[in-house]
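Here the structure comes first, spelled out in structure tokens, and everything after it is commentary.
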Amino acid sequence: QVQLVESGGGLVQPGGSLRLSCAASGNIFSINVMGWYRQAPGKQRELVAAITSGGSTNYADSVKGRFTISRVNAKNTVYLRMISLKPEDTAVYSCNAVLRQVGVPYDVTYWGKGTLVTVSS
């Protein structure tokens, strides 16, 4: 009933930039938190950045100063602007949302399928 769809991934050279987008749709009353996670081969999935409905943000230490998360609540969309990309940033980036649905009296967490970001020369 709820879908999250990411876009914007691709191949970029070290030092380059990308902007990821994630749009949520379906039976949504409100979204408390939206975030970006990433997982590289052989590594555990990690939180990259998260943002609340009020605009509070959190970032992984490895991306502070390089990545910026933002959201447009009216469009149920979250963005991740990435600059100064490094090969170590190569991973599948997935969108996450903690939301409330109409008729459901508890929070539910949804995940997108992910978009691949490859940083290589």
Q: Decide side-chain contact (heavy atoms from CB on, under 4.5 Å) for I69 and Y79; before the verdict, give the C-alpha distance in whole Å, the side-chain angles of both, and the deciding distance to 0.1 Å.
A: CA-CA 6 Å; I69 189 170; Y79 305 93; over 6 Å; no
[atom1]/[X] to [atom2]/[Y] distance, rounded to the nearest 0.5 angstrom?
X: N76; Y: Q3; atom1: CG; atom2: CD; result: 13.0 Å
X: L18; Y: I83; atom1: CG; atom2: CD1; result: 12.0 Å
X: T52; Y: R71; atom1: OG1; atom2: CZ; result: 7.0 Å
X: I31; Y: L4; atom1: CD1; atom2: CG; result: 7.0 Å
X: F29; Y: L99; atom1: CZ; atom2: CG; result: 12.0 Å
X: K86; Y: S62; atom1: NZ; atom2: OG; result: 8.0 Å

Q: Kindly state each residue pair satisfying salt bridge (charged side-chain N to carboxylate O under 4.0 Å, His left out) with at least one member in residues 29-41, sequence neighbours excluded.
A: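 Non-adjacent pairs meeting salt bridge (charged side-chain N to carboxylate O under 4.0 Å, His left out): R38-E46, R38-D89.
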Q) Which heavy atom of Y93 sits nearest a heavy atom of E6, and at what distance? A)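 Looks like O-OE2, 4.1 Å.
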Q. What's the shortest heavy-atom distance between T90 and A40, and which atoms?
A.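 Taking T90 first and A40 second, the nearest heavy atoms are O-CB, 3.6 Å.
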Q) With K64, which residues qualify under salt bridge (Lys or Arg N to Asp or Glu O under 4.0 Å), at least two apart? A)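 Scan of K64 (salt bridge (Lys or Arg N to Asp or Glu O under 4.0 Å), adjacent residues dropped) gives D61.
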Between [X] and [Y], is any pair of side-chain heavy atoms under 4.5 Å apart?
X: N96; Y: W36; answer: no
X: Y59; Y: V48; answer: no
X: M34; Y: S53; answer: no

Q) Are any side-chain N or O atoms of R81 and backbone N or O atoms of R66, one a donor and one an acceptor, separated by less than 3.5 Å? A)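 No; judged by distance alone, with no hydrogens or angles, the pair does not exist.
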Q: For the pair N27 (side chain) and V102 (backbone), establish whether a donor and an acceptor sit closer than 3.5 Å, ignoring hydrogens and angles.
A: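 Yes, N27 side chain to V102 backbone: donor-acceptor pair under 3.5 Å.
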Q: Establish, for the pair R100 and Y106, whether the NZ or CZ atom is under 6.0 angstrom from the six-membered ring centre and no further than 45 degrees off its axis.
A: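 The answer is no, since R100 fails at least one limit relative to Y106.
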Using a 3.5 Å cut-off and no angle test, enumerate the donor-acceptor pairs between side-chain atoms of residues 109-121 and protein atoms at least two apart in sequence or in another chain.
from, atom 1, to, atom 2, distance (Å)
Y110, OH, Q101, OE1, 3.1
T115, OG1, G9, N, 3.3

(Q) Let me check something: do V92 and V78 share a hydrophobic cluster, defined by ILVMFWY side-chain heavy atoms less than 4.5 Å apart, either directly or through other members? (A)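 No.
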Q: Indicate, with yes or no, if Y37 and M82 share a hydrophobic cluster defined by side-chain heavy-atom contacts under 4.5 Å among Ile, Leu, Val, Met, Phe, Trp and Tyr.
A: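 Not linked; separate clusters.
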